[in-house]
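One structure is given below, encoded as structure tokens.
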Amino acid sequence: MKKINVGIIGCGAIAESYYIPALSNHKDKIDRVYFVDRDLSLANNAKRNFGSGEVSDDLDKIIDKLDAGVVCLPNTLHYSFSKKLLEAGCHVMGEKPLTLKPENGRELVEIAEKKKVLLSVNNTRRLFPSYQVVKELIDDGSIGEIKEVYYYEGGEFSWPTKSGFYFTAADPKGVLLDRGAHVLDSICHWVGGKPELIKSQNDSFGGPEAVADVTFKFKDLVGEVRLSWLYKQENVYRIIGTKGEITGEIYDWNKTELKLNNKSSEIRRGKQKVDSFSEFGNILVTNFIESILGNEELIIKGKDVIDSIEWLEECYNEAKPFETSWYSI
Amino acid sequence: MKKSNILVTGAGGFIGGAFIEKLIQSWDEFEGYAGIRRWASAARIGRFKTNFVLCDIMDTDSIEKALDDMSVIIHCAVGPPDVTVEGTRNLLEAAKKKNIDHFIYISSVDVYGENEGELSEELKLTKSGNAYGDSKIDAEAVCNSYIEQGLAVTIVRPAIVYGPFSKLWTVRFAERLQSGAWGFFDQADGYCNLTYIDDLVESVLSLVNKKEAFGNAYNIISDDSITWNQYFDELNNALDLPKLQKINSVKSNFKTKLFQPVRSVAKFALNKFPDLVQTFYTKYEWSKKIMQKTKTDLNLVPTSNELKLYNRKAIYKNENIKKVTSINFTSMKEGVETSVKWLKHHRIV
């Protein structure tokens with residue numbers, strides 16, 4: 001069996017907590033892992049955690065040795081490094097968001113097709129069994145025609161970022177990019193397209209926003225999203241149709257609740273039970289490796305998330321400030 | 001005119017964050033620098049065009065680097081007692097080395113312990129056994145030793161600092177009131193000693209260029225002499241909730257005592273076995289429900305220390321800060337109304 005060489009590009013928090021443990025489960029299919037970070041101490045630390053491999057402070061120095069690259073860099077670098085890898089003929093697994101601009105995302109998809117390599121992205125929630133059940137229930141018409149979609153998510157920002165990239169970027173973007181990349185993508189996936197933006201508001205005063213509201217419509221449905229990096233929100237999604245509704249807790253990824261009109265509610269579970277969040281890293285990486293080896297189809301393709309990237313960009317371009325009278329007492 | 005560069009330590013916290021926001025929004029003569037230990041605390045102040053400085057007050061190298069080009073320090077960072085005391089010492093030593101013009105230490109009225117009556121800055125401080133208050137006394141003692149060495153240090157003692165972003169005195173009480181399980185306590189007729197966050201920030205920033213403040217300590221408390229029950233009532237009314245009911249002392253004391261062992265066990269489990277607790281929380285539906293219910297119940301029952309605080313008949317005098325600044329304290333009504341607008345915006349209530 002052919003073994004592959006994989007590069008971890010960027011050895012910060014996400015590489016350490018998510019990808020390295022997942023890759024460790026596939027040592028039989030991996031010939032060598034290259035840990036790339038301009039901070040060699042991070043690369044060496046990652047190598048130590050994995051147990052073997054090579055380190056480098058520059059992707060260019062080792063790119064010709066790679067079959068695949070996992071891009072774990074700050075958001076602003078996703079596009080350029082993914083492009084470099086794809087052009088070198090490497091399969092790419094990108095951290096979300098795949099790119100910041102939709103045209104860049106489309107370009108990556110085109111390059112991947114031209115080079116006949118795979119392009120996947122870690123929009124983890126597409127792997128949530130409960131979210132897959134939601135999609136099935138919508139598609140099979142269980143709740144009739146969808147009329148309303150609500151998604152409220154919030155909690156204190158606690159990501160152990162080593163680079164502080166959200167706060168140091170030249171064009172800073174906050175919770176809408178961080179959590180919104182998942183949330184807007186889930187909504188696009190569920191309703192089957194990119195909604196039309198009605199209103200976007202956030203609390204940026206020149207830095208990355210910590211609270212964002214988005215209202216939208218799509219065909220006959222209207223919806224609202226609230227995201228917060230500061231305070232806990234309801235942390236639920238709710239989809240109301242003409243025949244019933246689906247509700248679920250955002251992080252309860254194994255089950256969702258279906259309530260048909262005039263009937264009592266029932267719990268629907270996904271096909272697969274997932275015990276911990278880190279298991280999704282394993283599912284994602286396994287699927288990526290098996291797809292490279294020709295044994296599986298990619299679950300999340302780069303092209304799947306372009307709608308949500310376009311919607312995100314619209315939300316930023318059209319954003320208005322909240323009324324914040326407590327700053328002028 | 002060249003701006004004075006101010007390093008605010010603990011800028012990821014409630015009070016430090018308020019300094020940074022105010023420095024950016026309305027104090028043109030100063031340039032604020034947000035001292036944070038880790039990026040995870042940057043979300044609130046990051047919304048502004050903030051100058052960040054990574055700085056751990058227990059790491060002397062990082063402090064010295066952070067103090068390059070600074071002329072003033074507003075030291076808000078706190079931690080466990082050793083960090084509060086030794087971190088303050090580290091900062092003061094570096095401030096001396098770097099010839100900092102003014103070091104302002106944000107202490108607390110907790111240094112007065114359980115004293116009652118009218119308390120002014122001249123009162124001799126004695127430890128009460130409260131770890132937080134005692135560590136503040138020790139940190140103030142370190143400040144005083146540097147005052148004796150000639151460093152320009154001012155100590156500030158705020159009381160119950162409430163307003164937007166105050167988890168302890170605004171968010172927590174709003175949640176308690178909203179639950180319907182809170183009320184007027186027999187034991188809550190002690191003085192509340194509120195300080196609206198903006199008043200604290202404005203007073204301290206007014207002190208930055210005042211040489212007459214060097215070497216002094218200042219209580220910062222608004223003019224309203226109101227009781228805790230009055231504060232609960234004002235907040236409850238502003239939240240438009242049903243009228244509060246009286247909770248008699250026998251009932252509240254009983255519940256407090258009943259929940260004490262639960263509180264101790266929960267604290268012990270979280271400190272000693274955080275991973276195990278997390279596993280039980282995520283893995284089993286029944287344990288998740290029990291933990292959520294326990295957390296809610298514990299939040300709704302005051303601890304014995306809280307009941308003691310609500311009953312304390314202490315008023316902290318604010319004459320000294322009024323002599324050196326022209327601060328007009330925000331009324332409780334205005335402060336609470338503004339807090340509620342903020343709470344509603346964040347959908348906390």
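The chains referred to below are lettered A, B, ... by the order of the sequence lines, with proteins before strands, and numbering in each begins at 1. Since we're looking at a predicted model, the values are computed, not measured.
Within 6.0 Å of atom CG in A:Asp39, more than 12 heavy atoms from other residues, nucleotides or ligands are found, so the atom counts as buried in its surroundings. Heavy atoms of other residues, nucleotides or ligands lying less than 6.0 angstrom from CG of B:Asp69 number 12 at most. Within 6.0 Å of atom CG in A:Asn317, more than 12 heavy atoms from other residues, nucleotides or ligands are found, so the atom counts as buried in its surroundings. No more than 12 heavy atoms of other residues, nucleotides or ligands lie within 6.0 Å of CZ in A:Arg38, so this atom counts as exposed by the packing criterion.
Heavy atoms closer than 4.5 Å to chain B are found nowhere in A:Glu234, neither backbone nor side chain. Using a 4.5 Å cut-off between heavy atoms, B:Arg38 makes no contact with chain A at all. For A:Thr324, no part sits under 4.5 Å from any heavy atom of chain B, backbone or side chain. Residue contact with chain A, scored on non-hydrogen atoms closer than 4.5 Å, involves the side chain of B:Glu21 exclusively. Contacts between A:Asn254 and chain B at a heavy-atom distance below 4.5 Å are absent for every atom of the residue. With a 4.5 Å cut-off on non-hydrogen atoms, A:Trp229 touches chain B through its backbone and its side chain both. B:Phe48 touches chain A through backbone and side chain together, each having a heavy atom under 4.5 Å away. Using a 4.5 Å cut-off between heavy atoms, A:Lys173 does not touch chain B at all. Heavy atoms of A:Phe277 lying under 4.5 Å from chain B are absent altogether. Looking at A:Tyr251, there are no atoms closer than 4.5 Å to chain B (heavy atoms on both sides), in backbone or side chain.
Interface check for chain B: of the options A:Glu209, A:Arg226, A:Glu156, the most heavy-atom pairs under 4.5 Å are formed by A:Arg226.
Contact check for B:Trp342 versus A:Tyr327: no side-chain heavy atoms found under the 4.5 Å cut-off. Side-chain contact between A:Asp213 and B:Arg347 is present, with heavy atoms from C-beta onward closer than 4.5 Å. Contact annotation: the side chain of B:Trp39 approaches that of A:Thr168 to within less than 4.5 Å [non-hydrogen atoms, C-beta and beyond].
In this structure, CZ in B:Arg47 is found 6.0 Å from CG in A:Leu230, a value given to the nearest 0.5 Å. Put simply, NE2 on B:His346 and CG on A:Asp203 are 6.5 Å apart, with the number rounded to the nearest 0.5 Å.
Nearest heavy atom pair, residue B:Ala43 against residue A:Ala210, reads O-CB, 3.9 Å. Here the shortest heavy-atom pairing between B:Lys341 and A:Trp326 reads O-CZ3, 3.9 Å. Of all heavy-atom pairs spanning B:Gly46 and A:Pro208, the tightest one is O-CD, 2.9 Å.
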Working for side-chain contact (heavy atoms from CB on, under 4.5 Å), residues A:Phe157 and B:Arg44: CA-CA 9 Å; A:Phe157 176 80; B:Arg44 172 191 170 186; over 6 Å; no

side-chain contact (heavy atoms from CB on, under 4.5 Å) assessment of A:Phe205 paired with B:Lys49: CA-CA 7 Å; A:Phe205 293 86; B:Lys49 287 183 177 167; over 6 Å; no

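A salt bridge is absent between A:Lys232 and B:Glu175: the closest approach of a Lys/Arg side-chain nitrogen to an acidic carboxylate oxygen does not fall below 4.0 angstrom.
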